[in-house]
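Just below is one structure, and these are the notes that go with it.
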Amino acid sequence: MILIFEQPDYARSVWCAHIVSSLVSELKLKRLSFRMISSLNELAEGTADDFVFLVGSGSAFIAEGLGAAERAGVYPILLNGRARDELTVGCSMVCSDMEGSMKDTVDRLRASGRSRVALYGVNPRSIGDVCRRAYFLQTAGAREEDIFFNDGSLENCFSAFRPQAHAYDAAICANDFAAISLVRRLSACDPGALERLSIIGCAETRLTDFYADHIISVRGNFAEYGRAAVALLDTLKRNPCLSRVEMFIRWDVDPLSPKRAAPLPAPAAQQSAPPKTDAFYEDGELREMLCVERLLNACDALDRQILRRALLGEAYEDVAERCFINVSTVKYRLRKMIGISGAESRTELLRLARKYLPDGAALEE
């Protein structure tokens with residue numbers, strides 16, 4: 001039996017969702033039996049022939065998971081987006097080729113004439129971002145002053161960056177949400193800087209598609225983690241003499257020439273809030289973008305058409321007529337979208353969609 005256990009905090013992220021989705025799809029494709037577990041205590045029920053995929057990035061989670069697997073006699077395979085150099089454990093794993101990928105990104109920027117590079121939106125509590133910072137300093141020949149931190153407030157991060165924006169011709173963002181925030185804020189207060197800067201987003205989100213004219217996407221290839229993990233598992237089964245296998249996933253970088261497009265909706269001012277324990281996920285702007293990302297991941301073609309019509313202000317009856325469905329289906333679908341996104345009401349759902357989807361027509365594509 002193959003077991004899958006997710007780090008609880010990491011499971012809230014879109015990155016974990018991509019990794020687990022690809023892993024589950026590949027296991028089903030290979031017709032391998034698997035089971036999701038909600039507690040490491042369930043490992044005690046395993047056998048020596050069992051494997052457990054540990055999906056997470058926290059040091060405490062990794063140590064606890066590996067210890068539990070060893071006590072239960074279950075073979076652990078670690079899946080995470082961190083760099084190998086950060087991990088001091090000796091186990092089979094699929095992880096990010098962060099060093100090579102950062103070097104490739106910086107080299108491509110330099111080759112295109114962009115040598116003044118900033119690292120934007122770094123979460124100081126994320127071990128992955130701390131490693132990204134170290135490789136940036138190493139490969140870009142940068143200074144600490146070229147790094148702008150998101151310590152629980154994207155607004156404060158931008159406030160630190162804006163006075164120095166003229167000093168850079170490119171900004172590598174720690175994740176796509178930081179990139180989207182930077183694009184929206186520059187569009188509102190400094191369109192000239194937005195035209196001049198090459199903005200790189202380091203993740204894979206559907207929301208970024210609506211900002212593709214302003215963001216150069218660096219894909220972490222999270223969907224490849226599942227395929228690599230199952231290939232790793234097969235290698236271990238066919239070669240019992242191997243003690244462990246490590247696989248590294250590289251980033252893919254889009255051509256460094258996004259098309260500049262129409263103005264974006266301006267971000268609303270945020271109220272300062274006292275710092276909380278998990279400050280990164282407590283930032284109001286990030287939480288709103290996560291709501292929209294969940295919505296985009298779950299919507300089908302009919303949902304997108306209904307949302308598009310609702311954003312135009314059409315009544316339920318008009319939406320139903322244009323979509324060739326009944327009114328009750330329109331209401332049901334909107335309620336479902338409210339629940340998926342985590343919005344508090346239909347009004348809140350439409351407010352978030354208007355705020356973060358600058359080209360609503362793309363909903364019907």
Side-chain angles (χ1 to χ4, degrees), residues 1-99 125-131 204 220-250 278 281:
M1 174 64 70
I2 298 168
L3 308 174
I4 302 173
F5 182 61
E6 303 168 275
Q7 178 183 339
D9 289 343
Y10 190 62
R12 295 190 297 167
S13 71
V14 295
W15 309 290
C16 182
H18 285 311
I19 291 174
V20 173
S21 176
S22 68
L23 175 60
V24 168
S25 295
E26 193 68 13
L27 290 171
K28 288 181 178 178
L29 181 65
K30 301 294 184 181
R31 297 184 177 180
L32 297 173
S33 299
F34 68 93
R35 178 166 62 91
M36 304 289 297
I37 61 175
S38 58
S39 168
L40 288 173
N41 293 331
E42 297 181 56
L43 291 180
E45 305 168 8
T47 69
D49 295 326
D50 285 346
F51 292 83
V52 58
F53 288 110
L54 300 171
V55 186
S57 61
S59 298
F61 165 80
I62 293 172
E64 184 180 0
L66 295 179
E70 182 179 4
R71 290 190 296 273
V74 177
Y75 191 96
I77 300 174
L78 179 63
L79 279 72
N80 73 93
R82 291 166 55 178
R84 178 65 182 93
D85 290 352
E86 303 172 68
L87 306 168
T88 58
V89 297
C91 71
S92 293
M93 67 180 73
V94 180
C95 57
S96 171
D97 179 18
M98 193 174 291
E99 180 178 12
R125 294 178 178 82
S126 164
I127 296 180
D129 275 11
V130 170
C131 188
E204 295 174 310
N221 287 325
F222 294 106
E224 296 298 324
Y225 280 72
R227 284 186 279 272
V230 175
L232 186 155
L233 174 64
D234 182 61
T235 299
L236 289 170
K237 286 182 174 180
R238 288 188 292 103
N239 300 274
C241 60
L242 294 176
S243 59
R244 69 174 184 263
V245 178
E246 298 177 356
M247 292 187 174
F248 304 90
I249 306 296
R250 64 175 176 81
D278 193 1
Y281 286 105

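If you read the sequence from its start, that first residue is 1, and numbering goes on from there.
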| query | How long is the span from the CG atom in L78 to the CZ atom in F61, to the nearest 0.5 Å? | reply | 7.5 Å
| query | Quick one: salt bridge (charged side-chain N to carboxylate O under 4.0 Å, His left out) pairs with a partner in residues 224-236, sequence neighbours left out? | reply | E224-R227, D234-R238
| message | Which residues pass the ring-ring contact (aromatic ring centres under 6.0 Å, His included) test with F53, not counting sequence neighbours? | response | none
| note | In short, G65 meets L54 closest at the heavy-atom pair C-CD1, 3.7 Å
| note | One should read off an interatomic distance between L29 CG and S22 OG, to the nearest 0.5 angstrom, of 12.0 Å
| query | Can you tell if the side chain of I19 reaches within under 4.5 Å of the side chain of V94, non-hydrogen atoms only? | reply | no
| side-chain contact (heavy atoms from CB on, under 4.5 Å) assessment of L236 paired with I77 | CA-CA 10 Å; L236 289 170; I77 300 174; 4.2 Å; yes
| said: If the condition is side-chain contact (heavy atoms from CB on, under 4.5 Å), which residues does A68 pass it with, not counting sequence neighbours? | reply: L40, L43, R71
| query | Residues in side-chain contact (heavy atoms from CB on, under 4.5 Å) with F34, at least two apart? | reply | I2, I4, V24, L27, K28
| task | Rounded to the nearest 0.5 Å, what's the gap from CZ on F222 to OG on S96? Could you check? | result | 7.5 Å
| query | Roughly how far apart are E99 CD and D97 CG, rounded to 0.5 Å? | reply | 7.5 Å
| query | Taking C-beta and beyond as the side chain, do N80 and Q7 meet within less than 4.5 Å on heavy atoms? | reply | no
| query | Where is the tightest heavy-atom contact between P240 and K237, given as atom of each residue plus distance? | reply | CD-O, 4.1 Å
| field | Shortest non-hydrogen separation from G220 to I249 and the atoms involved | value | O-CG2, 3.8 Å
| request: Could you pull out all residues at least two apart from R250 that satisfy salt bridge (charged side-chain N to carboxylate O under 4.0 Å, His left out)? | output: D252
| message | Tell me the closest heavy-atom pair linking C16 and Y10, and the distance in Å. | response | CB-O, 3.1 Å
| task | State which residues pass salt bridge (charged side-chain N to carboxylate O under 4.0 Å, His left out) with E26; sequence neighbours excluded, sorted by chain then number. | result | none
